[in-house]
Trainee: 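I have a structure I would like to understand better, so I am pasting it below and will then ask my questions one at a time.
We count ligands from 1, going down the list as the structure has it; atoms in each ligand are counted the same way. All values below were derived from every heavy atom in this structure, side-chain atoms included, with hydrogens, water molecules and symmetry-related copies excluded.
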Amino acid sequence: MRPEAVIKNNKNDSIKNIIISAAEIKEKIRETARLLDERYRGKPLLLVSILKGSFIFLADLCREMTIPCEIGFMRVSSYYDGTSSSGNVNILMDLDCDISNYHVVIAEDIIDTGRTLSEVIKLLKSRSPLSLEVVTLLDKPEKRLIDLKADISLFTIPDLFVVGYGLDCGEKYRDLPYIAEYPDE
Ligand code: IMP
Ligand code: MG
């Protein structure tokens, strides 16, 4: 809801309120990359993108980092029907490597209830990585059902449904370069 949010790159008339601009995201990603550079320099590092929502975030983050890393992907069932949670978490696509020799950093798009991430964490911990941390682009703490906190959270947002920069509503809007509020019809 910002006046300056008149919208460059707007591809959808229904999207009106940018809550985090592309420039703000870029700046935070730079800071986060420096943090990860420091923490993991000289260590075998695997960045795990939780698909589909974190694909842009991870792509930008790993390119800002100056230390080497490997990339893995997991796909977890999105239980969002439209804009509200419906309950179950399933692993639809798993990592294709043994993580026991890696420091693992999970990159998530957004933590809402915490259900998705808590299942992913449980599963990956059971595989004994050297260490495990979570970095999330967005944190929506108001609806948390599971006591879970990311090690690094780039932005905390109120309980809004948001789209863009990888996040979707019904598979749309992932391609927007900023985070915008999805209009409540
Ligand atoms: P949680 O399991 O409730 O924490 O939800 C996490 C997943 O729900 C995220 O990875 C997203 O895919 C989806 N999600 C939660 N909130 C939003 C939102 O505001 N916009 C788009 N997707 C969301
Ligand atoms: Mg997601």
Trainee: Would you mind running through ligand 1 and noting each atom that sits below 4.0 Å from a heavy atom of Thr113?
Mentor: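 Per the distance check, 1 (P), 2 (O), 3 (O), 4 (O).
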
Trainee: Is Arg34 salt-bridged to Glu31, cutoff N-O under 4.0 Å?
Mentor: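 No, this pair does not count.
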
Trainee: Strictly distance-based, threshold 3.5 Å: is any side-chain N or O of Ser54 a donor or acceptor partner for the main-chain N or O of Phe57?
Mentor: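 Checking the backbone N and O of Phe57 against the side chain of Ser54, no donor-acceptor pair under 3.5 Å is found.
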
Trainee: For the pair Phe155 and Thr136, evaluate side chain to side chain contact (heavy atoms under 4.5 Å, CB included) and give the outcome as yes or no after the intermediate values.
Mentor: CA-CA 8 Å; Phe155 300 96; Thr136 188; over 6 Å; no

Trainee: If you look at every heavy atom in Tyr165 and Pro177, which pair is closest and at what distance?
Mentor: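 Nearest pair, atom of Tyr165 first, then Pro177: CD1-O, 3.8 Å.
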
Trainee: Give the atom numbers and elements of ligand 1 that come within less than 4.0 Å of a heavy atom of Arg115.
Mentor: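 Those qualifying, in numeric order: 2 (O), 4 (O).
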
Trainee: Evaluating non-hydrogen atoms only, which member of Val162, Leu167, Ile110, Ile111 is closest to atom 20 (N) of ligand 1?
Mentor: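 Of the listed residues, Val162 has the closest heavy atom.
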
Trainee: Just heavy atoms, cut-off under 4.0 Å: does Asp109 contact ligand 1 by side chain, backbone, both, or neither?
Mentor: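 It is the side chain that touches ligand 1; the backbone stays farther off.
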
Trainee: So which bit of Leu160 gets within less than 4.0 Å of ligand 1, heavy atoms only: side chain, backbone, both or neither?
Mentor: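 Under 4.0 Å from ligand 1, Leu160 contributes backbone atoms alone.
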
Trainee: Going by the atom numbers of ligand 1, which of them fall below 4.0 Å from some non-hydrogen atom of Glu108?
Mentor: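 The list of qualifying atoms is 10 (O).
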
Trainee: Hey, which of Leu51, Val48, Leu95 is the one that makes side-chain contact (heavy atoms from CB on, under 4.5 Å) with Phe73?
Mentor: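 Of the listed residues Leu51, Val48, Leu95, the side-chain contact (heavy atoms from CB on, under 4.5 Å) partner of Phe73 is Leu51.
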
Trainee: Under 4.0 Å between a Lys/Arg side-chain N and an Asp/Glu carboxylate O for Asp94 and Arg127?
Mentor: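 The answer is yes: the pair qualifies as a salt bridge.
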
Trainee: Could you note down all residue pairs passing salt bridge (charged side-chain N to carboxylate O under 4.0 Å, His left out) where residues 144-158 supplies at least one of them, sequence neighbours left out?
Mentor: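 Qualifying pairs: Asp139-Arg144.
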
Trainee: Within a distance under 4.0 Å of any heavy atom of Asp168, pick out the atoms of ligand 1 and give their elements.
Mentor: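 Near Asp168, meaning under 4.0 Å from one of its heavy atoms, ligand 1 has 21 (C).
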
Trainee: Check contact between Val76 and ligand 1, using heavy atoms of the residue and a distance below 4.0 angstrom.
Mentor: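 Contact check Val76 vs ligand 1: negative.
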
Trainee: Side chain or backbone, does Gly114 bring an N or O within less than 3.5 Å of an N or O on ligand 1?
Mentor: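 Between Gly114 and ligand 1, an N or O pair is found under 3.5 Å apart.
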
Trainee: Would you mind telling me if ligand 1 is within reach of the side chain of Leu145, the backbone, both or neither, using heavy atoms under 4.0 Å?
Mentor: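 It is neither; nothing of Leu145 touches ligand 1.
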
Trainee: Looking at side-chain heavy atoms only, is the closest gap between Arg30 and Asp60 below 4.5 Å?
Mentor: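 Sidechains of Asp60 and Arg30: no contact.
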
Trainee: If we set the cut-off at 4.0 Å for heavy atoms, which region of Lys143 has an atom near ligand 1: side chain, backbone, both, or neither?
Mentor: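 It is neither part, as no heavy atom is under 4.0 Å.
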
